[in-house]
*Asks:* 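Just dropping this structure here.
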Amino acid sequence: SSDLEQLCSHVNEKIDNIKKTLSLRNLGQEPALKTMLNKIGDEIIVVNELLNKFELEIQFQEQTNASLKELCESLEEDYKDVEHLK
Amino acid sequence: TLKDNINILLDKARLENQESIGFIKATKILMN
Amino acid sequence: MEAEVDKLELMFQKADSDLDYIQYRLEYEIKTNHPDSPSKKNPITLVKELSAIKSRYQTLYARFKPVAVEQKETKSRICATLNKTMTMIQELQKQTDLELSPLTEEEKTMTEQLK
């Protein structure tokens, strides 16, 4: 029955996509919707820029993590030395 | 909403990165 | 029974390919009516780009979360080790009457900052 469910959701998903595409088809007629569409297009460019910046910040954070780990290890070495001294 | 979420996360990541730079600097001074 | 199942399977396959064809024809018609131009993209392209940025956001967010957690853990490990090292050094100083120069202002500030 799970296969059948999977099959049904697969078909339903395609039907949803067709409905969505059908609603897009009538977009051309109404200028207001056309403007909205162009605005969405502009927003997509802005959001992609933000995602690029976010990705850079994550890369930087991953590098910082590596430096923090190195620092932690060398600090733990120091601690062992001091403990040995003691 | 997506755009606002990304802006919030971007600010959070930037802030954490700046804090970490200060943290590493302070730790190195104290280690010396 | 077997024949019934085969027939049902064929029906599903036909429905599936019919749906694909409808989707293809609709997208073709929209792209024809709204040709892409440098400043304006057709609705199909925009819908596809919208779902692309949503999944890119999910991917980046999934990557960001563990990095932030790991950073906090490493920082608290560093603070703990630094504190116990400095405590032990102070004990050593007392034991050996070795008077080292007191912390400079900058070092005091840093200690406070790390605390």
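This structure is a prediction, so every number in the text was calculated from the model and none was measured. Just so we're on the same page: letters track the sequence lines, and every chain starts at 1.
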*Asks:* Quick one: do the C:Lys75 and B:Thr27 side chains pair a donor with an acceptor below 3.5 Å?
*Replies:*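 Looking only at side-chain atoms, B:Thr27 and C:Lys75 do not form any donor-acceptor pair under 3.5 Å.
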
*Asks:* Can you tell me how far the CD1 atom of B:Ile6 sits from the CG atom of C:Leu60, to the nearest 0.5 Å?
*Replies:*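 Interatomic distance, B:Ile6 CD1 to C:Leu60 CG, rounded to 0.5 Å: 8.5 Å.
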
*Asks:* Hey, could you give me the NZ/OH distance between B:Lys3 and C:Tyr57, rounded to the nearest 0.5 Å?
*Replies:*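 That separation rounds to 14.5 Å.
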
*Asks:* When rounded to the nearest 0.5 angstrom, what distance separates CG in B:Leu2 from NZ in C:Lys54?
*Replies:*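 NZ of C:Lys54 is found 7.5 Å from CG of B:Leu2.
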
*Asks:* Check the pair C:Tyr61 / B:Asn5 against side-chain contact (heavy atoms from CB on, under 4.5 Å), numbers first and verdict last.
*Replies:* CA-CA 10 Å; C:Tyr61 185 52; B:Asn5 289 349; over 6 Å; no

*Asks:* Working to the nearest 0.5 Å, report the span between CE of B:Met31 and CG of C:Leu82.
*Replies:*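 Nearest 0.5 Å value for the CE-CG distance: 8.0 Å.
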
*Asks:* If we only count heavy atoms from C-beta on, is the B:Glu16 to C:Phe64 side-chain gap below 4.5 Å?
*Replies:*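 Touching, per the 4.5 Å side-chain cut-off.
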
